Amino acid sequence: MAALGWLGLMIPEAHGGAGLGARYLMVVLEELGKALAPEPVLSSALVAALAIGAGDDDTQAREHLPAIATGERVYALAHAESGGRYGVGAVDTSADKAAGGWSLRGEKVHVEEGSIADWLLVSARAPDGISLFVVPASAKGVRVRPQARIDGRSAAIIELDGVIVERDARLGEPHKGQRLLERVLDAATIGLSAEMLGTMLGAFEMTLDYLKTREQFGVPIGSFQALQHRAARIFVETELARSAVMHAHGVLDGLDEGASAAVAASVAKAKCSDALMLIAHESVQMHGGIGMTTEHDVGMYLKRARVAEMTLGDATYHRDRYARLGGF
Amino acid sequence: MAALGWLGLMIPEAHGGAGLGARYLMVVLEELGKALAPEPVLSSALVAALAIGAGDDDTQAREHLPAIATGERVYALAHAESGGRYGVGAVDTSADKAAGGWSLRGEKVHVEEGSIADWLLVSARAPDGISLFVVPASAKGVRVRPQARIDGRSAAIIELDGVIVERDARLGEPHKGQRLLERVLDAATIGLSAEMLGTMLGAFEMTLDYLKTREQFGVPIGSFQALQHRAARIFVETELARSAVMHAHGVLDGLDEGASAAVAASVAKAKCSDALMLIAHESVQMHGGIGMTTEHDVGMYLKRARVAEMTLGDATYHRDRYARLGGF
Amino acid sequence: MSELDDFRRDTRAWLEQNAPASMRTPPKSSEELCWGGSKTKYPADVMKWLEVNAARGFTAPTWPKALGGGGLSKAQAKVLSEEMSALSLRPPLIGFGLSMIGPLLLQEGSDAHKQEHIPRIVRGEVRWCQGYSEPGAGSDLASLQTKAVRDGDHYVLEGSKIWTSYADASDWMFILVRTDASGRKQDGISFLLMDMSTPGVTVKPIRLISGASPFCETFLSDVRVPVTNLVGEENRGWAIARALLAHERTMIGDIFKEQGDRDKLLTAAREHLGEDGGRVADPVVRDRIAALEIDQTCLDLTLQRAKDAAKVGHKPGHESSIFKLVGTELNQRRRDLMCAVLGPQALGWEGDGFEPEELKATRDWLRSRGNSIEGGTSEIQLNIIAKRVLALPGA
Amino acid sequence: MSELDDFRRDTRAWLEQNAPASMRTPPKSSEELCWGGSKTKYPADVMKWLEVNAARGFTAPTWPKALGGGGLSKAQAKVLSEEMSALSLRPPLIGFGLSMIGPLLLQEGSDAHKQEHIPRIVRGEVRWCQGYSEPGAGSDLASLQTKAVRDGDHYVLEGSKIWTSYADASDWMFILVRTDASGRKQDGISFLLMDMSTPGVTVKPIRLISGASPFCETFLSDVRVPVTNLVGEENRGWAIARALLAHERTMIGDIFKEQGDRDKLLTAAREHLGEDGGRVADPVVRDRIAALEIDQTCLDLTLQRAKDAAKVGHKPGHESSIFKLVGTELNQRRRDLMCAVLGPQALGWEGDGFEPEELKATRDWLRSRGNSIEGGTSEIQLNIIAKRVLALPGA
């Protein structure tokens with residue numbers, strides 16, 4: 001993937017990337033989602049590249065961005081905490097000033113790629129507000145426990161037991177950490193929605209193929225009108241979801257002046273969550289018994305669908321957020 | 001109807017009724033709903049009979065119940081007020097002590113049968129709480145303005161401009177008026193759900209007939225599987241609704257010891273509201289263009305469905321009430 | 001480039017000089033716009049605005065100058081449209097003449113057809129309506145039964161058409177008739193142009209459950225239409241009609257939205273359900289409103305995507321079925337949600353006890369139920385998507 | 001009447017005397033109950049409880065005494081059941097032997113069948129499983145391909161069966177096989193009794209997306225079944241199978257509920273979403289929970305209505321399709337809603353970071369997706385309702 005330049009799509013050429021932007025990365029994320037490929041592209045190439053690149057700190061950029069572009073290092077966003085559910089403010093992890101830098105203490109859960117990451121982007125509460133810190137996974141006091149989740153990917157619980165990092169491990173300017181974190185979470189949400197779009201397309205393709213080839217009562221089951229209408233509904237949902245996802249990536253790239261990345265992220269995530277769950281459930285149903293067994297891949301789509309739905313906020317959360325952002 | 005004994009089903013034999021109870025009246029209400037017959041059975045034979053009969057006041061009973069049973073007088077429940085939406089407590093109409101009785105002042109809206117009623121059951125706020133008062137529509141200070149609603153029935157806005165009624169116009173005991181009103185509203189809600197059950201059956205019967213006879217593409221449209229599955233869903237909804245309605249009428253009749261009429265009413269009204277709107281919408285859709293014209297009756301079912309849905313609380317209201325009653 | 005700049009400057013000057021002030025305000029409804037024709041009387045400003053534009057061919061900017069059109073290039077027409085928008089000007093003329101039958105005749109009509117009809121469309125003298133649907137046919141449009149029997153140099157028409165919008169206000173109808181009942185139903189249909197003043201044509205308006213409507217039923221009894229009014233070949237009208245239908249579906253996806261729909265819903269929600277810390281107080285309704293607006297955003301973005309694709313040369317395909325399906329359903333959801341917000345105040349038909357906007361909301365809801373039926377039912381759109389887009393097998 | 005009272009007194013005394021204390025507690029799962037058979041080892045109390053009941057015929061109270069049953073009247077059996085409930089006693093034996101194949105053999109079996117199988121079912125010595133579904137057949141059950149070819153006084157079976165619950169724990173299978181492939185597919189099916197220990201029978205458990213399952217695939221290669229094991233006539237097995245299927249669907253409507261489901265959901269909602277004035281804090285989720293509980297109430301009342309109707313002699317008809325359809329969908333909604341309540345805590349497969357009840361909720365959700373497939377898909381139930389209940393025409 002690094003050889004293909006995928007990991008550097010969001011990274012300026014000066015730091016070893018291609019600098020093409022989010023719309024290009026969307027194509028990659030969509031294909032990964034379609035193939036259910038467990039690659040840490042979202043967390044490294046989108047989230048970490050953006051979080052570190054946005055900080056305007058050249059030292060940090062030189063330290064991290066080339067390593068992301070080459071795929072030399074894997075990054076993970078360690079933000080969610082137990083009981084905190086969703087949102088930017090649910091952070092109890094603390095960042096206290098310590099000799100020469102910061103001391104981080106707390107526990108992060110559901111850290112995607114957490115068990116394979118070389119570096120962690122940790123949100124923590126500093127005296128001047130929530131900030132992101134970039135922390136080597138090998139630092140003293142970092143304890144990584146893999147979480148066995150239904151999609152089989154490399155999630156982890158990460159304990160930070162007074163982890164000491166240097167002063168410049170903090171990303172962005174003082175007092176502006178929360179705004180950076182918001183932007184990073186929006187970008188992560190948008191990138192995840194691209195993956196979800198791919199996942200729904202993958203499940204639908206598989207199902208459409210099954211509808212055309214599986215015969216019952218002497219005809220392909222896809223000739224039954226009740227299934228045809230449901231398949232047509234699914235197709236419509238994928239097209240609507242695609243529009244939301246494309247738009248959100250355009251907003252990330254600054255194409256749509258005045259458009260809010262937060263609104264675009266919530267539109268995309270709300271739509272993709274509902275659409276993907278619908279399609280995953282329908283896909284298993286249309287496959288019948290075989291879809292319930294581990295011998296068929298469609299169940300893996302269902303499991304990944306649920307994980308993606310519950311990551312970075314489900315549809316209800318994003319509808320509420322959309323309403324708040326829209327002033328109602 | 002009076003001759004058939006329908007109006008006296010809830011009235012004891014001693015007062016000229018048959019004393020058979022709500023489960024018998026349900027059959028009548030269901031048939032009226034099916035035929036979209038605009039008869040004031042619900043407001044007189046169920047609501048007024050129960051409100052007056054439950055008061056345990058023999059004078060009141062002798063005054064009103066025989067007149068209900070014979071159909072000599074029509075009664076209407078005047079409870080809802082502008083801006084108040086649903087529920088027992090949304091009453092601003094006042095009942096103040098006056099020489100020899102009470103003075104009522106306020107405005108009631110959406111009073112079903114209001115423009116044809118001889119007597120009104122008016123909820124008003126007395127010094128000891130909300131109570132029901134039975135008021136002749138011909139009393140001085142009562143002003144009735146018909147409301148032209150989509151179902152074409154005899155609803156009205158009723159102004160009470162210092163209407164003087166006698167002391168015994170108040171139903172039930174002092175301090176217990178609100179409990180009586182709650183019971184009356186639950187009974188009204190349950191009776192309305194019986195009518196709604198009939199209305200959904202009427203619309204469905206008409207639609208099923210259309211599906212079997214209307215031909216397109218050389219076959220009856222009811223042979224299309226997509227429509228078959230939707231018709232089957234409708235049938236299931238009618239059966240579920242019927243169970244809720246039957247149960248609620250049994251509870252009214254005291255059959256199910258320990259069961260709450262409030263819970264049963266909210267279950268029935270929530271289910272019937274959703275089911276009826278679904279069926280009414282689907283019925284128009286399945287009739288195609290002709291269903292949109294005034295030349296076909298199915299549109300009347302749609303209009304009545306909406307009125308019934310919005311009367312005495314819609315599905316969202318009753319789900320919330322169900323949750324409150326259930327302690328969540 | 002510089003030529004186009006000149007055109008822009010000249011056009012803007014001309015527009016500013018000629019547009020009456022009243023044409024620079026948004027219309028309250030499409031009824032205020034000019035549909036042309038001999039049967040409707042329009043205000044003086046509207047007629048003046050039509051006349052000056054027609055004289056320049058600006059009512060049909062890209063049509064040939066020889067036939068009364070503007071003879072503009074696509075680039076110039078875009079400039080004209082931009083300048084009209086910039087000045088908030090109303091279109092001088094709308095209707096089926098400009099959007100449907102005119103383009104068709106320019107492509108498929110004979111020279112005589114073009115000479116006779118195109119200039120009159122450009123000048124707004126003739127209003128057109130569409131005679132496709134029939135009472136017995138419904139979604140099975142091709143099963144139409146209105147007969148046209150050849151008698152010398154005329155066809156004699158017998159039958160009826162339904163759901164004709166504004167038939168009572170139109171001068172001409174383009175109409176599908178059966179000229180051959182022997183073969184496959186699609187193969188015996190012809191496409192004719194019919195003068196509505198021909199003896200034997202009767203029009204009756206249709207009353208909908210939501211009240212009065214632009215729809216009419218048109219009865220045809222012994223109606224004689226010259227054979228020269230045939231467009232294309234005899235028995236080959238179905239293909240022509242289908243091309244026009246796809247065009248109609250694309251337009252329809254956008255058509256249900258009204259200016260300020262979102263604000264109206266939110267305002268009503270705040271008023272009827274109350275506010276809580278600045279938010280709509282009922283979180284369940286709030287969730288439904290957000291879901292609706294999100295879906296509406298997705299449809300708008302999808303329409304935009306199709307327009308962008310069209311700009312770079314992609315021909316519009318069966319995605320028009322998506323727009324028809326989703327556009328109508330969103331409109332229905334919106335009208336339904338508005339009723340849920342209004343509660344009992346959504347029950348009024350007219351008169352006392354209801355505000356005008358409440359009465360409108362109720363009728364809008366009733367009217368919206370027809371959206372998923374007219375212009376091809378939702379079921380037909382789902383069939384089209386299943387068969388033509390997803391290539392699912394026939395039963 | 002007084003005789004029945006005597007029976008009640010005697011029965012209660014006997015139950016109180018003979019039931020081990022451990023049999024008076026509700027089982028944690030159906031796995032703790034006794035399914036009988038030679039392949040499962042049960043705790044001593046379970047075996048003792050089975051034996052004392054079997055000796056009296058109380059495992060099959062209404063079956064003939066001569067075949068080991070209790071020989072009770074319906075009224076007596078009702079009393080027995082009431083007294084068992086009153087003491088919270090576990091049933092001594094459950095399974096397909098008692099519920100399905102036993103009643104069938106009593107009605108359709110030969111004398112030899114009854115003599116051979118009924119007493120062993122009553123005593124719980126033999127556990128039965130059902131061999132209907134096949135990998136290629138799916139919803140089109142009658143298209144089954146497992147062949148049974150006559151060879152002297154045996155049938156020789158070749159093929160495979162799928163979705164056989166507990167095939168690996170069963171001693172015998174009642175199985176549908178194709179004995180004639182020439183005519184209508186329903187006409188060449190026969191109903192056989194097959195000893196699972198016959199050479200050529202191989203069983204392989206099926207792993208579901210939710211984890212281990214009771215389902216198995218059963219492979220049949222050159223399996224010789226005596227012709228005397230045929231139930232009913234050759235090629236007439238379909239009618240027998242269908243009667244059993246309707247029976248299964250009725251049982252299934254009730255089956256998905258677990259004790260305390262409602263409380264579990266509410267407890268989780270309070271814990272994960274917080275409380276607000278004693279209520280579940282998230283009103284959108286609260287609305288969904290209320291909607292679910294209301295629909296569940298409606299289904300429960302409908303089941304009760306069917307039971308009441310059965311008591312006064314109404315035969316259960318196609319309403320079993322309603323129970324199957326709605327019961328499964330409600331279970332799916334419940335499991336799905338539980339995931340929504342748990343949020344990211346609904347994502348665990350095993351181990352660290354998740355509570356046991358969270359892991360169970362996740363697997364319950366995954367497992368529930370099969371409910372609308374197994375035992376006749378939802379689509380099949382909708383077809384049955386449309387065709388047989390509503391009498392809608394065939395395509």
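No hydrogens, no waters, no symmetry mates; every other heavy atom, side chains included, goes into these values. Here is the naming used below: chain letters follow the sequence lines, and residue numbers restart at 1 for every chain. Every value quoted in this text rests on a predicted model; they were computed, and no experiment measured them.
- Taken from CD in D:Glu134 to CD in D:Glu217, the straight-line distance is 10.5 Å, to the nearest 0.5 Å.
- When heavy atoms are compared at a cutoff of 4.5 Å, D:Phe354 approaches chain A solely by way of its side chain, counted from C-beta outward.
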Run A:Glu113 and A:Ser154 through side-chain hydrogen bond (donor to acceptor under 3.5 Å, both in side chains) and show every step you take. CA-CA 5 Å; A:Glu113 326 301 352; A:Ser154 49; 3.0 Å; yes
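- Taking the charged nitrogens against the carboxylate oxygens, D:Arg363 and D:Glu358 have no contact shorter than 4.0 Å, which rules out a salt bridge.
- The choice from D:Ser213, D:Ala346, D:Pro344, D:Gly348 that makes the most heavy-atom pairs within less than 4.5 Å of chain A is D:Pro344.
- Of the possible polar contacts, none joining the D:Asp276 side chain to the D:Arg279 backbone as a donor-acceptor pair under 3.5 Å is found.
- Looking at D:Leu366, both its backbone and its side chain come within 4.5 Å of chain A, counting heavy atoms on both sides.
- Along residues 320-328 of chain A, no residue comes nearer than 4.5 angstrom to chain D, judged on non-hydrogen atoms.
- In this structure, A:Arg306 pairs ionically with A:Glu309, as a charged nitrogen and a carboxylate oxygen lie closer than 4.0 Å.
- In this structure, chain A has a heavy atom under 4.5 Å from the backbone of D:Ala137, while its side chain stays farther away.
- Under the 6.0 Å distance and 45° angle rule, D:Arg184 does not count as a cation-pi partner of D:Trp238.
- For a residue to count as touching a neighbouring chain, one of its non-hydrogen atoms must lie under 4.5 Å from one of that chain's; by this rule A:Ile157 touches chain D with the side chain only.
- Contact check on A:Asp151 versus A:Lys303 returns no salt bridge, with no Lys/Arg side-chain nitrogen under 4.0 Å from an Asp/Glu carboxylate oxygen.
- Between chain A and the options D:Arg369, D:Glu350, D:Gln345, the largest number of non-hydrogen pairs under 4.5 Å is found for D:Arg369.
- A donor-acceptor pair is defined here as one N or O able to donate and one able to accept, closer than 3.5 Å; such a pair exists between the side chain of D:Lys324 and the backbone of D:Asn371.
- A:Val109 does not touch chain D: none of its heavy atoms, backbone or side chain, sits under 4.5 Å away.
- At a 4.5 Å heavy-atom cutoff, the contact between A:Arg214 and chain D is made by side-chain atoms alone.
- The number of heavy-atom neighbours closer than 6.0 Å to NZ of A:Lys212, taken from other residues, nucleotides and ligands shown, is above 12.
- For A:Arg85, the part lying near chain D is the side chain, with the backbone staying farther off; criterion is any non-hydrogen pair under 4.5 Å.
- Interface residue A:Tyr86: only side-chain heavy atoms are found under 4.5 Å from chain D.
- The backbone N or O of D:Gly159 sits nowhere less than 3.5 Å from a side-chain atom of D:Lys147 that would complete a donor-acceptor pair.
- D:Ser372 and D:Ser378 form no side-chain donor-acceptor contact under 3.5 Å, judged by distance and modelled atom types alone.
- The parts of D:Asp336 that come within reach of chain A are both its backbone and its side chain, each placing non-hydrogen atoms under 4.5 angstrom from that chain.
- Residues of residues 285-298 of chain A lying within less than 4.5 angstrom of chain D, judged on heavy atoms, are A:Gln285, A:Gly288, A:Gly289, A:Ile290, A:Gly291, A:Met292, A:Thr293, A:Thr294, A:Glu295 in numerical order.
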Output, in order, the C-alpha distance, side-chain angles, deciding distance and verdict of side-chain hydrogen bond (donor to acceptor under 3.5 Å, both in side chains) for A:Lys108 and A:Ser123. CA-CA 9 Å; A:Lys108 298 293 183 177; A:Ser123 60; 2.9 Å; yes
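- Considering D:Val341, D:Val280, D:Leu265 in turn, D:Val280 is the only one that fulfils the side-chain contact (heavy atoms from CB on, under 4.5 Å) rule with D:Arg270.
- The parts of D:Leu347 that come within reach of chain A are both its backbone and its side chain, each placing non-hydrogen atoms under 4.5 angstrom from that chain.
- Using a 4.0 Å cut-off between a side-chain N of Lys or Arg and a carboxylate O of Asp or Glu, A:Arg143 and A:Glu107 do not qualify as a salt bridge.
- Ranked by heavy-atom pairs under 4.5 Å with chain A, the list D:Cys339, D:Gly351, D:Ser143 is led by D:Cys339.
- Among the candidates D:Ser139, D:Gly370, D:Gly353, the residue making the largest number of heavy-atom pairs closer than 4.5 Å to chain A is D:Ser139.
- Between D:Trp163 and D:Phe215, the ring-plane angle classifies as perpendicular under the 30° and 60° cut-offs.
- For the side-chain contact (heavy atoms from CB on, under 4.5 Å) criterion with A:Leu121, the lone passing option out of A:Val111, A:Leu181, A:Leu77 is A:Leu77.
- Looking at A:Met277, only its side chain comes within 4.5 Å of chain D, counting heavy atoms on both sides.
- When heavy atoms are compared at a cutoff of 4.5 Å, A:Arg230 approaches chain D solely by way of its side chain, counted from C-beta outward.
- Checked for salt-bridge contact, A:Glu195 and A:Lys34 miss the test: no charged N lies under 4.0 Å from a carboxylate O.
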